[in-house]
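Naming: A, B, ... by sequence-line order, numbering from 1 per chain.
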There are 2 protein chains.
Amino acid sequence: MLTADGSAEGARVTKRPTIADIAQRAGLSKGAVSYALNGQPGVSESTRRRVLELATEMGWRPNSAARALSGARTGTLGLVLPRPATLLGVEPFFMKLIAGIENALAARSTALLLQVAPDHDAEAAAYRRWWAERRVDGIFLVDLRVEDGRIRVVEELGLPAVVIGGPGHHGRLPSVWTDDAAAMVMVVEYLAALGHRHIARVAGLPGLLHTELRGRAFGDVAATLGLEWSGTVTTDYSADQGAQATRRLLSASPAPQSSGPTPRAATRPTAILYDNDVMAVAGTSVAHEMGVDVPGDLSIMAWDDSVLCEIIHPPLTALSRDIMAYGAHAAERLLELLDGNAVTDFQDDMPRLVIRGSTARPRSP
Amino acid sequence: MLTADGSAEGARVTKRPTIADIAQRAGLSKGAVSYALNGQPGVSESTRRRVLELATEMGWRPNSAARALSGARTGTLGLVLPRPATLLGVEPFFMKLIAGIENALAARSTALLLQVAPDHDAEAAAYRRWWAERRVDGIFLVDLRVEDGRIRVVEELGLPAVVIGGPGHHGRLPSVWTDDAAAMVMVVEYLAALGHRHIARVAGLPGLLHTELRGRAFGDVAATLGLEWSGTVTTDYSADQGAQATRRLLSASPAPQSSGPTPRAATRPTAILYDNDVMAVAGTSVAHEMGVDVPGDLSIMAWDDSVLCEIIHPPLTALSRDIMAYGAHAAERLLELLDGNAVTDFQDDMPRLVIRGSTARPRSP
DNA sequence: CTGAAAGCGCTTACAG
DNA sequence: CTGAAAGCGCTTACAG
């Protein structure tokens with residue numbers, strides 16, 4: 001039997017000190033205390049020191065509501081997770097991103113407000129509400145699309161924001177991005193160097209910008225390298241669709257020894273690149289079931305590394321990014337923006353190729 | 001080149017309406033408007049309707065800071081993730097929990113504040129800060145320990161809280177819990193019914209309450225059923241330690257045909273139960289590497305189901321809980337508590353046994 | 001049923 | 001360098 005103030009059992013909750021209390025103890029006005037506390041000019045060094053000591057001693061902390069109301073910041077940034085709730089928890093990506101953002105924010109005692117939104121409408125509604133209620137100072141925008149209505153909404157609201165993704169398609173909002181096209185070239189060149197001439201790609205959601213950028217780069221590099229066959233299947237990132245795509249790809253007959261022109265759909269790839277770790281793992285399982293040896297008959301690669309890739313057998317070759325750092329970089333830039341500084345786009349590090357046991361020379365190229 | 005208010009390019013951000021604006025348009029006092037908006041008695045139905053229509057038309061939303069400052073709620077609940085940032089993103093548990101909490105909160109337009117804290121000290125500091133700054137109305141407390149200093153901190157602060165975990169060891173705070181002991185009995189009885197007489201457990205962090213409760217139940221049911229051998233290895237939930245524990249367990253020689261008393265450490269289990277999905281998957285990989293057939297030579301089970309369990313080969317038999325519902329139940333109770341209602345402990349559904357391909361009769365029991 | 005007023009705890013011009 | 005005062009946008013007793 002507890003009531004909300006926790007006082008049911010007689011717990012005495014001491015009133016939290018305010019600047020008025022500090023002012024009284026210090027024999028100053030509230031204004032002077034405020035200046036001292038905020039490092040503003042207008043008080044002597046000795047006064048400032050005394051006020052800061054008193055504040056610490058009395059356990060004073062700024063009331064965030066009062067601060068926000070008097071025009072300063074709310075000290076809160078917002079992040080909407082653009083996934084139906086049921087799909088979250090599958091990909092480690094978002095949790096790592098959150099951890100990275102958090103890390104960068106902690107030093108500035110800024111909080112992170114989180115919301116799960118199943119679609120873009122719900123997401124736009126969240127931004128409108130947050131901004132109207134003055135709940136956040138700014139937001140992070142993830143999962144950039146080729147045609148992305150959110151950009152306009154955020155710009156119209158005047159809501160400070162940093163886009164995580166790109167390059168391009170993010171209006172006048174600054175973005176933090178990685179060069180997915182260059183990474184794709186690196187991956188396909190690696191597979192081609194091993195001798196693969198038939199490479200498939202199991203891609204994520206079609207509308208997403210990075211899906212498109214990777215897709216274009218995949219087509220280009222396949223052409224440049226003169227691969228005999230390349231093909232893409234799009235999915236929703238789920239393990240199910242990853243498995244299904246794999247089954248379809250592996251059901252095709254292997255390439256004939258004479259490498260003449262064959263119908264695209266009827267050629268079986270010797271290597272598959274997946275757009276996330278979950279699908280790559282699911283694909284590996286499907287290969288096992290179908291008696292397709294990895295990496296003997298099929299090389300498998302995952303875009304975005306995680307423990308998942310390490311713990312299965314064989315461990316998966318993957319494209320590894322420091323996602324925590326990615327989130328931290330975005331957070332630093334949003335804080336800069338809120339400080340009134342100009343923020344330009346920032347290109348994060350290239351993903352690294354982590355070679356493990358799931359890729360090898362094809363048995364029959 | 002953008003400044004924080006987004007106005008650099010001349011974007012006109014219209015001033016958000018306040019209750020004063022509504023009062024003026026309606027020819028009422030601010031007080032009357034406030035009563036109308038909040039469903040308080042003191043205004044006629046027709047006035048209330050007119051005010052609500054005006055508010056909608058003008059796009060009014062309550063300024064959360066003003067509301068919080070004048071003594072009402074902040075409309076924000078807090079959750080600290082008690083893991084070093086690098087370990088997050090591995091277990092789907094927290095993301096699902098967050099999604100569940102979010103779902104329940106959305107209907108009440110309550111926000112969720114998130115922080116990552118590497119240890120209990122950092123966590124306690126977060127609670128103190130949040131409460132001192134009046135950032136949250138209440139918090140969720142997860143990863144309950146047998147000796148848990150956080151309980152006292154939260155009680156002393158008078159910070160409304162709901163504990164996710166139990167039963168017991170949560171002081172006077174209400175808790176939402178599942179019966180891990182009963183679930184453990186169910187699991188071991190299932191394995192024993194298959195014919196397993198040598199069962200090992202790869203447990204999570206030693207100090208956690210549910211680790212201890214499961215451990216005690218494991219010992220009890222092993223004794224009750226008269227298993228020939230049972231043993232536990234504790235870990236930190238990581239894939240690495242799960243793999244290592246598995247290697248150690250499988251390195252022991254199989255039980256001799258004569259079932260006389262054998263030294264405990266030297267007996268190889270025919271079934272292993274893991275405290276999370278990640279370790280179960282890692283363990284399955286180790287078995288493959290060591291040429292131990294799953295489920296022929298070794299049955300494997302995971303506590304807490306996830307896609308991970310479904311996508312590997314063989315798919316893992318698991319103990320499945322609806323973690324989103326778990327989070328939602330906790331959120332509902334915290335909201336109740338904040339409404340001033342008495343909240344009692346709530347026992348959530350028993351986990352379900354989901355039987356897949358990783359468990360079978362032992363080849364040599 | 002309605003209005004006028006005080007107050008929440010800060011910040012920030014404005015005087016001295 | 002310091003003090004007195006207004007104001008942010010709400011809520012809530014207190015009079016009428």
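- When the P atom of dC10(C) is taken as reference, atom CH2 of Trp60(A) falls 6 Å away, rounded to whole Å.
- Taking every side-chain heavy atom of Ser70(B) into account, dG9(D) is the closest of dG3(C), dG9(C), dG9(D).
- Ranking dT11(C), dT2(D), dG9(C) by closeness to the Asn63(A) side chain, first place goes to dG9(C).
- Counting to the nearest Å, the P atom of dT12(D) and the CG atom of Asn38(B) are 7 Å from each other.
- With rounding to whole Å, Gln24(A) atom CD is found 18 Å from dT2(D) atom C1'.
- Taking both residues in full, the closest heavy atoms of His170(B) and Gly165(B) are given as CD2-O, 4.3 Å, listed atom of the first, atom of the second, then distance.
- Set against dT2(C), dC10(C), dC8(C), the side chain of Leu69(B) has dC8(C) as its closest nucleotide.
- Here Thr18(B) lies in heavy-atom contact (under 4.0 Å) with sugar-phosphate atoms only.
- Atom OH in Tyr35(A) sits roughly 15 Å away from atom P in dC10(C) (whole-Å rounding).
- Residue-level contact check: Ser34(B) touches the bases, meaning some heavy atom is under 4.0 Å from a base atom.
- To the nearest angstrom, P of dA4(D) lies 11 Å from CG of Leu28(A).
- Distance Trp131(B) CH2 to dG9(C) P: 13 Å, rounded to the nearest Å.
- Atom pair Lys30(A):NZ and dC14(C):P shows a separation of 19 Å (rounding to whole Å applied).
- Contact annotation for Arg61(B): backbone-only contact, meaning every heavy-atom pair under 4.0 Å involves sugar-phosphate atoms and none involves a base.
- Listed nucleotides: dT2(C), dT11(C), dT2(D). Nearest to the side chain of Val43(B): dT2(C).
- A cation-pi geometry, defined here as NZ or CZ lying under 6.0 Å from the six-membered ring centre and within 45° of its normal, does not hold between Arg150(B) and Tyr127(B).
- With rounding to the nearest 0.5 angstrom, the CZ atom of Arg67(A) is 10.5 Å from the CZ atom of Arg73(A).
- Here the nucleotide nearest the side chain of Ala32(A), chosen from dT12(C), dG3(D), dC10(C), is dG3(D).
- Closest contact between the side chain of Ile19(B) and the listed nucleotides dC10(D), dG9(C), dT2(D) involves dC10(D).
- Set against dA4(D), dC1(C), dG3(C), the side chain of Ser29(B) has dG3(C) as its closest nucleotide.
- One side chain, Arg129(A) or Gln115(A), offers a donor N or O that lies under 3.5 Å from an acceptor on the other.
- Dashed line: the shortest gap from a side-chain N or O of Arg134(B) to OP1 or OP2 of dG9(C) is not under 4.0 Å.
- Dashed line: the shortest gap from a side-chain N or O of Gln40(A) to OP1 or OP2 of dT11(C) is not under 4.0 Å.
- At distances below 3.5 Å, at least one donor-acceptor pair connects side-chain atoms of Asp21(A) with backbone N or O atoms of Thr18(A).
- Between Gly75(A) and Asp137(A), the closest heavy-atom pair is N-OD2, 2.7 Å.
- Across every strand in view, dG16(D) sits in a pair with dC1(C) that passes the Watson-Crick or G-U test at under 3.5 angstrom.
- Regarding contacts with the backbone of dG9(D), every side-chain N or O of Arg67(B) stays at 4.0 angstrom or more from both OP1 and OP2.
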